[in-house]
Protein chains: 2
Amino acid sequence: MSKGDETRDSVLRVALAQSSRVGLRGITIGGLAEAMEMSKSGLFAHFGSKEGLQTAVMDYAADAFTQLVIRPALKEPRGEPRLRTLFDRWLGWGGYADYALPGGCIFISVASEYDDEPEGPVRTKVVQIERDLLDTIETIVRGGVTEGQFRESTDAAAFAHDLLAIMLGYAFSARLLHDPAAAARAQDAFDRLLDHIRS
Amino acid sequence: MSKGDETRDSVLRVALAQSSRVGLRGITIGGLAEAMEMSKSGLFAHFGSKEGLQTAVMDYAADAFTQLVIRPALKEPRGEPRLRTLFDRWLGWGGYADYALPGGCIFISVASEYDDEPEGPVRTKVVQIERDLLDTIETIVRGGVTEGQFRESTDAAAFAHDLLAIMLGYAFSARLLHDPAAAARAQDAFDRLLDHIRS
DNA sequence: GACCAGTGCGAACGGTCGTGCTTTTATTGG
DNA sequence: CCAATAAAAGCACGACCGTTCGCACTGGTC
């Protein structure tokens with residue numbers, strides 16, 4: 001990896017952490033440059049525009065999520081173990097695990113930042129990421145059906161959406177309300193959801 | 001109502017609509033003044049600071065929510081009818097009802113905008129609003145228990161949180177993913193939740 | 001007719017934003 | 001080791017931000 005790619009990478013690491021706190025719109029080239037102890041123009045040159053920086057952050061975040069959440073889950077045996085690991089890692093990602101971002105799940109922040117946008121590269125990216133995630137969940141659930149762990153009548157798409165809602169509720173309760181019972185409640189909801197599809 | 005209060009009110013009406021799209025941080029005095037066809041300084045004088053404007057918008061939004069969602073629900077008979085009306089109106093508020101904001105539920109936007117803030121008047125207000133809402137739901141649920149419609153063992157607080165999560169999931173699916181099945185899925189989840197506590 | 005509080009406007013401020021140039025410094029391949 | 005190239009800095013720009021301040025206009029009261 002060349003020097004340029006290396007600094008670009010470390011800029012993105014800092015930018016991602018910062019974005020999770022203040023959103024993709026909230027980050028500034030100047031503020032980022034100061035945190036990196038380099039000049040605005042030098043940092044700017046790596047991305048060409050602010051939008052270029054934002055989309056790069058989203059790509060970087062998607063990679064991190066895949067590595068930290070998806071991949072550990074896919075290493076588990078099919079069906080319930082895989083689903084449980086996904087849930088645990090996902091909860092950690094959006095919460096306070098050691099691998100979590102300082103401002104929680106960035107996709108949730110970006111989603112509510114860009115949900116009313118007519119279109120644009122950033123919105124497109126976050127939609128794609130969420131769709132992929134829902135797809136992954138559905139595939140895992142269907143794998144469990146194939147294995148005979150879950151009922152034949154399981155609606156995988158509905159399950160994926162319900163699971164997403166649980167995560168959103170957890171982020172809300174934990175991050176905004178500082179509810180100490182947030183994680184336990186999310187776990188309960190997940191267990192109930194799982195009971196519902198178990199055969 | 002004096003002339004000043006009148007303009008202040010119509011400014012807040014526009015500011016609320018604008019905030020639901022771009023967030024409380026996204027609104028600008030200049031943009032708001034242009035939309036109102038008045039001068040920046042004239043508009044500014046009504047609120048003293050941008051933070052003053054933001055907190056005023058939150059108060060205005062809380063009033064609107066009470067009037068459009070809470071009040072119609074409390075007019076219904078205790079228990080399930082009251083709960084169903086609350087859900088319907090709430091779904092409309094965050095979705096595409098005629099009384100909805102153009103950018104969806106502003107509290108969700110503000111929540112993810114300010115969830116990592118250390119403190120501050122705006123954050124305090126949105127937390128208060130959400131706590132009040134959860135309290136209201138709990139009270140309604142407990143009313144249903146008293147009436148014998150819901151089981152004695154019902155955990156009202158858990159129900160309120162689960163209902164909130166359903167709304168968050170709906171907003172996410174509808175506003176970001178433009179999922180046509182979002183409302184139906186939310187309704188399904190609500191029915192399941194209700195079944196679970198019915199005696 | 002003079003006063004007066006309420007209301008809004010216009011101009012200007014210091015600051016920060018993203019971005020374009022040119023120049024200097026660092027890295028890299030032969 | 002040196003030339004070619006990549007990376008970073010320096011500097012300036014126009015635009016917009018929230019905010020301040022003085023002034024003009026309005027309606028009602030002595």
Go through the side-chain N and O atoms of B:His161 and A:Asp179 and say whether any donor and acceptor fall under 3.5 Å apart. yes

Of the listed C:dT7, C:dG18, D:dT19, the closest approach to the B:Ser2 side chain comes from C:dT7

Quickly work out the A:Leu32 CG to C:dC17 C1' distance and round it to whole Å. 14 Å

Separation of A:Glu34 atom CD from C:dT16 atom C1', in whole Å? 12 Å

Using whole Å, report how far CZ of B:Arg25 lies from P of D:dG18. 13 Å

Can you confirm if the NZ or CZ of B:Arg89 lies within 45° of the ring axis of B:Tyr99 and under 6.0 Å from the centre of its six-membered ring? yes

Between D:dA8, D:dG18, C:dG18, spot the one nearest the side chain of A:Ile29, thanks. C:dG18

Quick one: are A:Phe87 and A:Arg84 in side-chain contact, heavy atoms under 4.5 Å? no

To the nearest 0.5 Å, how far apart are CG in B:Leu83 and CG in B:Leu194? 6.0 Å

Length of the line joining A:Phe47:CZ and C:dG18:C1', which is rounded to integer Å: 14 Å

For B:Ile27, report the nucleic acid contact type (base, sugar-phosphate, nothing); a contact means any heavy atom under 4.0 Å. sugar-phosphate

Take atom CE of A:Met36 and atom P of D:dA8, then tell me their distance rounded to the nearest Å. 9 Å

So does B:Lys40 reach the base of C:dG10 with its side chain, donor to acceptor, closer than 3.5 Å? no

For A:His46 and D:dA6, is the shortest distance between a side-chain N/O and OP1 or OP2 below 4.0 Å? no

Using heavy-atom distances to pick each residue's nearest nucleotide on DNA chain C, tell me which of A:Thr28 and A:Gly48 is more 5'. A:Thr28

Please evaluate the base of C:dG8 for a donor-acceptor partner in the side chain of B:Ser41 within a cut-off of under 3.5 Å? no

Find the distance A:Asp5:CG to C:dT28:C1' and express it as a whole number of Å. 14 Å

Nearest-nucleotide check on DNA chain D, A:Met38 vs B:Lys50; residue mapping nearer the 5' end is A:Met38

A:Glu34 atom CD: more than 12 heavy-atom contacts under 6.0 Å: no

Just how far, in rounded Å, is P of D:dC17 from CZ of B:Phe44? 14 Å

Specify the separation, in whole Å, of atom CG of A:Leu43 and atom P of D:dA6. 19 Å

So, is B:Thr7 near the phosphate of C:dG8, with a side-chain N or O under 4.0 Å from OP1 or OP2? yes

